[in-house]
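See below for the structure under consideration.
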Amino acid sequence: MQTKLKLYNSKNRALETFNPLNPPFVGLYVCGPTVYSEVHIGNVRTFNSFDLIYRYLLHLGYKVRYVRNITDVGHLLDDTSEDRISKKARLENIEPMEVVQRYTVDFHQTMEQFNALPPSIEPTATGHLIEQIELVQTIIDKGFGYESNGSVYFDVAAYNNHHNYGELSGRNVDDLLSNTRDLDGQSDKRHPADFALWKNAEPQHIMKWNSPWGMGFPGWHLECSVMSTKYLGKQFDIHGGGMDLKFPHHECEIAQNKAGYDEEPVKYWLHTNMLTFNGKKMAKSEGTGVTPREMLTGDHPLLTQAYSAMTIRFFMLQAHYRSTLDFSNDALQAAEKGLKRLMVALNSLPNLPVLEKSTLDVSDMHEKLYAAMNDDFNSPIAIAHLFEAVKWVNLISDGKESISESDKDALTKLLNAFVTDILGLKNESENDGTEKIDGLVQFALELRQQAKLDKNYAMSDSIRDRLKEIGFEIKDGKDGSTYTTL
RNA sequence: GGUCUCGUGGCCGAGUGGCUAGGCAGAGCUCUGCAAAAGCUUCCACAGCGGUUCGAAUCCGCUCGAGACCUCCA
């Protein structure tokens with residue numbers, strides 16, 4: 001088993017060698033979306049980042065259990081005690097579970113378009129209410145939670161006497177206790193930094209359940225503690241999520257786990273950075289997010305055209321997952337062209353001529369690609385090397401470099417592994433031409449070739465233009481014409 | 001106000017002490033009836049000011065600028 005992989009543990013702010021708790025098994029938990037509206041493209045970036053990580057771990061041979069939750073209850077709005085899902089349900093006059101269903105399906109369809117592998121388990125908060133209530137009770141029993149007017153809060157001060165609240169996000173409790181902004185409706189809490197484990201429901205509240213403390217609903221951070229423990233154990237390898245979840249969400253999760261189970265739950269914390277838009281974070285709650293649909297259709301004021309899911313995925317992979325990535329029309333156009341060049345080279349691999357000896361060092365390329373990914377999943381570096389390989393392919397085609405049979409096989413295997421399996425990129429436009437269509441286009445090309453021989457350039461240009469309108473781009477080469485589908 | 005991150009060529013984005021990624025755009029060339037596409041080659045950088053060092057984009061300090069978290073958020 002590989003041990004060369006290093007990843008950046010954001011809890012220790014350091015690059016660490018990856019040593020799973022129980023190799024070859026790896027437990028990976030990622031905070032999923034709250035399904036009260038369409039995900040935006042920033043959300044997609046996060047899940048694509050973790051898809052890359054998941055794919056690479058699989059590629060290395062680990063048996064990964066990838067758990068990603070669906071949050072279908074519980075996120076309070078600040079000005080009311082109503083959560084986002086029930087608010088949306090009320091506004092649209094439908095059942096909360098209809099909201100959940102609609103956007104869960106939408107989320108799955110979206111991620112499939114981006115070629116993200118589905119997680120091994122995708123648990124929902126509402127499916128784990130019993131476990132959540134149990135954990136609340138345990139935390140109370142251990143003295144780290146208290147009931148107040150039908151709600152239960154986590155006692156941060158009490159917890160901090162035994163543990164270190166703020167260890168993940170680098171905060172200190174004294175600052176938090178004195179520095180937290182004053183918000184209304186927190187009078188039930190002993191300290192402003194305390195957070196809800198269970199929240200009392202008003203009579204008009206739709207999503208509520210019975211509990212030892214009355215009708216209510218679970219707190220904001222509880223579900224992830226419960227579901228990660230249930231499916232991955234009290235200690236597991238990797239917990240991931242967006243940077244913006246680091247505090248308070250992940251901090252609270254750690255506190256709940258340690259308070260309830262007396263274990264340090266997570267060995268490696270991975271946080272992905274934000275996709276920005278004009279330099280600023282997209283915020284679902286402020287409606288500033290661009291949706292995948294808008295990008296895939298080009299129906300957005302900032303975009304001059306539609307972009308394919310693979311273009312967007314490739315664009316995202318050209319930045320490291322821990323860097324912010326600023327999204328713009330120009331950057332996407334660049335990604336589109338780059339991706340095309342990469343895929344064309346990959347597709348031409350089988351046609352490369354072979355010679356006795358190679359003038360290129362395939363094993364060196366192999367080393368460099370793995371070194372890049374082993375260095376905290378550095379996909380931009382890996383892609384840079386892949387473009388070097390693209391150059392090789394073109395030079396070999398031109399007869400300016402040569403490759404042996406065995407090296408060609410090795411290179412083919414290597415590039416396919418990285419582009420297809422690890423980066424998760426696939427051809428989008430091929431295969432919409434069936435054999436019959438291909439035959440038709442070839443026939444048109446023959447007619448055009450004859451026209452050219454007859455010096456009937458009006459005809460040959462006309463054929464070229466018409467085919468382009470239909471979606472076939474003609475490329476005239478030395479040995480005749482070929483085409484690509486647009 | 002507190003905590004933290006970042007500022008790289010026209011654009012996106014790697015790189016943490018010397019060998020100055022990569023993509024796109026630009027330029028030149030090849031191919032070509034023309035064009036497109038493609039390919040090859042190539043120019044342009046490290047916010048500013050100081051300091052450490054034989055040597056800094058990379059370390060330290062200051063200034064300016066941007067952003068994130070502190071409240072639901074990927």
Side-chain angles (χ1 to χ4, degrees), chain A residues 13 30-34 36 39-50 71 74-79 83-84 166 169-172 175-176 178-181 183 186 193 220 240-249 251 271-276 279-286 288-289 314-315 318-320 322-342 344-345 348 368 372 378-388 390-391 393-395 397-398 400 452-453 455-457 460-461 464-465 468 473-478 481-484:
Chain A
R13 296 184 183 203
V30 173
C31 290
T34 307
Y36 66 92
V39 290
H40 63 239
I41 202 70
N43 301 112
V44 172
R45 183 191 181 196
T46 292
F47 301 125
N48 273 343
S49 294
F50 283 108
T71 297
H75 284 215
L76 288 167
L77 295 171
D78 51 346
D79 54 343
D83 75 47
R84 294 185 182 284
S169 56
R171 271 154 234 263
N172 97 33
D175 287 349
L176 284 172
S178 59
N179 234 345
T180 305
R181 293 180 194 177
L183 293 173
Q186 294 190 331
W220 317 334
M243 287 268 201
D244 48 353
L245 296 183
K246 201 170 179 185
F247 188 89
H249 183 62
E251 196 70 70
H271 286 99
T272 57
N273 220 319
M274 303 291 104
L275 181 67
T276 60
K280 289 192 178 166
K281 176 188 166 187
M282 294 184 191
K284 205 171 177 180
S285 55
E286 288 167 32
T288 54
F314 181 70
F315 164 70
Q318 278 187 298
H320 186 83
R322 281 193 288 118
S323 300
T324 55
L325 170 60
D326 200 41
F327 139 95
S328 69
N329 194 62
D330 286 351
L332 285 164
Q333 284 188 333
E336 183 175 73
K337 291 187 182 175
L339 175 63
K340 188 178 174 193
R341 205 155 78 86
L342 176 64
V344 167
S348 68
K368 288 196 284 192
N378 199 325
S379 56
I381 293 287
I383 289 171
H385 294 317
L386 288 174
F387 275 105
E388 194 185 333
V390 167
K391 198 173 185 176
V393 170
N394 292 324
L395 287 169
S397 293
D398 284 358
K400 290 173 182 164
K452 282 170 72 174
L453 290 173
K455 299 210 188 295
N456 185 354
Y457 295 123
S460 71
D461 289 354
R464 182 170 68 198
D465 294 344
K468 187 162 189 175
E473 184 167 71
I474 307 307
K475 296 178 180 179
D476 289 341
K478 233 174 190 172
S481 303
T482 57
Y483 73 95
T484 55

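Throughout, protein chains are lettered first and strands after them, A, B, ... in sequence-line order, and every chain is numbered starting at 1.
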Between B/U8 atom P and A/D326 atom CG, what is the distance in whole Å? 11 Å
May I ask you to say what A/A331 touches in the nucleic acid, namely base, sugar-phosphate or nothing, with a heavy-atom cut-off under 4.0 Å? sugar-phosphate
For B/G2, take OP1 and OP2 only and decide whether either is under 4.0 Å from a side-chain N or O of A/N172. no
Please determine whether a side-chain nitrogen or oxygen atom of A/S323 lies at a distance below 4.0 Å from atom OP1 or OP2 of B/A14. yes
Between B/C73 atom P and A/N273 atom CG, what is the distance in whole Å? 17 Å
Tell me what A/L339 touches on the nucleic acid: a base, only sugar-phosphate, or nothing, going by heavy atoms under 4.0 Å. nothing
Send over the distance from A/L325 CG to B/G23 P, rounded to a whole Å. 18 Å
Here the distance between atom C1' of B/G13 and atom CG of A/L332, to the nearest Å, is 13 Å
Which sits closer to the 5' end of RNA chain B, A/N378 or A/P33, going by the nucleotide each is nearest to? A/N378
Rounded off to whole Å, could you give me the CD-to-C1' distance for the A/E336 and B/G13 pair? 18 Å
Judged by each residue's nearest nucleotide on RNA chain B, which is more toward the 5′ side, A/A319 or A/H40? A/A319
Reading nucleotides 33-41 of chain B from the 5' end, what letters show protein touch, with B for base, S for backbone sugar-phosphate only, - for no heavy atom under 4.0 Å? BBBBS-SSS
Counter-base of B/U3, judged by Watson-Crick or G-U geometry with both distances under 3.5 Å: B/A68
P atom, B/U42 versus B/A68: distance in rounded Å? 40 Å
What are the atom names and distances for every N/O pair under 3.5 Å that joins the protein to nucleotides 18-20 of chain B?
none

Starting at the 5' end of nucleotides 64-69 of chain B, put B wherever the base has a protein heavy atom under 4.0 Å, S where only the sugar-phosphate does, and a dash everywhere else. ---SSB
Without decimals, in angstroms, what is the distance between A/K368 NZ and B/G22 P? 10 Å
When we call it a touch if two heavy atoms are under 4.0 Å apart, what does A/R13 touch: a base, just sugar-phosphate, or nothing? sugar-phosphate
Taking side chain as C-beta onward, heavy atoms only, is A/Q333 less than 4.5 Å from A/D330? yes
When the distance from CZ of A/F387 to C1' of B/C24 is rounded to whole Å, what number comes out? 10 Å
